[in-house]
Amino acid sequence: MATKKNEQIIEIKPLEIEEVEIRITGITPLIMHAWSEKAKKQIREPKGPHTKNRGPRKPIEDFIDSMYWLTAKPKEDTMESFNEAIKTGAMFGFPVTAIKQAAISGAYRGGMTKDKASI
């Protein structure tokens, strides 16, 4: 192929993609908190005097909705149904963006500037 004097041929090598398994151990408890549909709806609603009365709280329902469920979430919002889900092998997830943010935060605390710590 004929090339002009100003053109350069650039060869892009294929990426070497590998799978790794990383064990993450923390020094503080893991706190998960997924936004429930109820909470998202309350945020989207316009603010005004009517927003003060939210009704009675449902702590068990809030607890169950705060998990990132990888398996089916219990149909009933009771501790009995939650415990049954745990006994039958319920699995929970964690947002991957939180891992990225933790890595950047750790690098920043280690003395790296934020622009160099970004992944």
Side-chain angles (χ1 to χ4, degrees):
M1 171 182 204
T3 61
K4 296 180 183 177
K5 289 183 180 180
N6 298 5
E7 292 182 0
Q8 292 182 352
I9 297 175
I10 299 173
E11 181 182 342
I12 300 174
K13 296 179 182 176
L15 295 175
E16 293 181 25
I17 299 174
E18 295 181 23
E19 187 175 310
V20 291
E21 188 173 315
I22 300 172
R23 182 179 181 92
I24 299 172
T25 307
I27 57 173
T28 60
L30 173 64
I31 299 173
M32 298 187 299
H33 188 75
W35 286 88
S36 68
E37 287 303 316
K38 176 182 163 187
K40 290 178 191 177
K41 182 181 175 191
Q42 286 177 346
I43 289 171
R44 287 191 294 261
E45 287 179 359
K47 304 292 182 225
H50 65 282
T51 58
K52 296 209 181 218
N53 186 7
R54 295 184 182 150
R57 294 193 179 257
K58 299 177 183 174
I60 307 275
E61 181 182 339
D62 292 342
F63 166 70
I64 291 172
D65 287 343
S66 72
M67 306 287 199
Y68 292 93
W69 290 85
L70 297 178
T71 54
K73 190 170 91 167
K75 292 183 179 170
E76 296 177 19
D77 293 324
T78 62
M79 280 310 292
E80 291 79 19
S81 62
F82 176 77
N83 289 332
E84 185 61 33
I86 296 294
K87 286 179 188 174
T88 58
M91 294 177 60
F92 307 100
F94 192 73
V96 71
T97 54
I99 302 295
K100 177 182 176 184
Q101 290 169 353
I104 291 171
S105 176
Y108 180 67
R109 288 184 185 151
M112 194 179 286
T113 59
K114 283 216 177 190
D115 60 331
K116 295 198 189 305
S118 63
I119 299 174

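Computed from a predicted model, the values in this text were never measured in an experiment. Basis for what follows: all heavy atoms, side chains included, without hydrogens, waters or symmetry-related copies.
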- Is there side-chain contact between Trp69 and Ile64, with at least one heavy-atom pair below 4.5 Å? yes
Tracing side-chain contacts under 4.5 Å among Ile, Leu, Val, Met, Phe, Trp and Tyr outward from Met91 reaches Leu70
Taken to the nearest 0.5 Å, the spacing of Ile86 CD1 from Thr71 OG1 works out to 8.0 Å
Closest heavy-atom pair, Phe92 versus Phe82, reported as atoms and distance to 0.1 Å, is CZ-CE1, 4.0 Å
Residues at least two apart in sequence or cross-chain that pass side-chain contact (heavy atoms from CB on, under 4.5 Å) with Gln101, listed by chain then number, are none
**Asked** Is a side-chain N or O of Ser81 found less than 3.5 angstrom from the main chain of Pro74, in a donor-acceptor match?
**Response** no
Residues at least two apart in sequence or cross-chain that pass salt bridge (charged side-chain N to carboxylate O under 4.0 Å, His left out) with Lys40, listed by chain then number, are Glu37
Output for pair (Phe63 CZ, His33 NE2), nearest 0.5 Å, gives 12.0 Å
Rounded to the nearest 0.5 Å, the CD1 atom of Ile104 sits from the CD1 atom of Ile99 at a distance of 12.0 Å
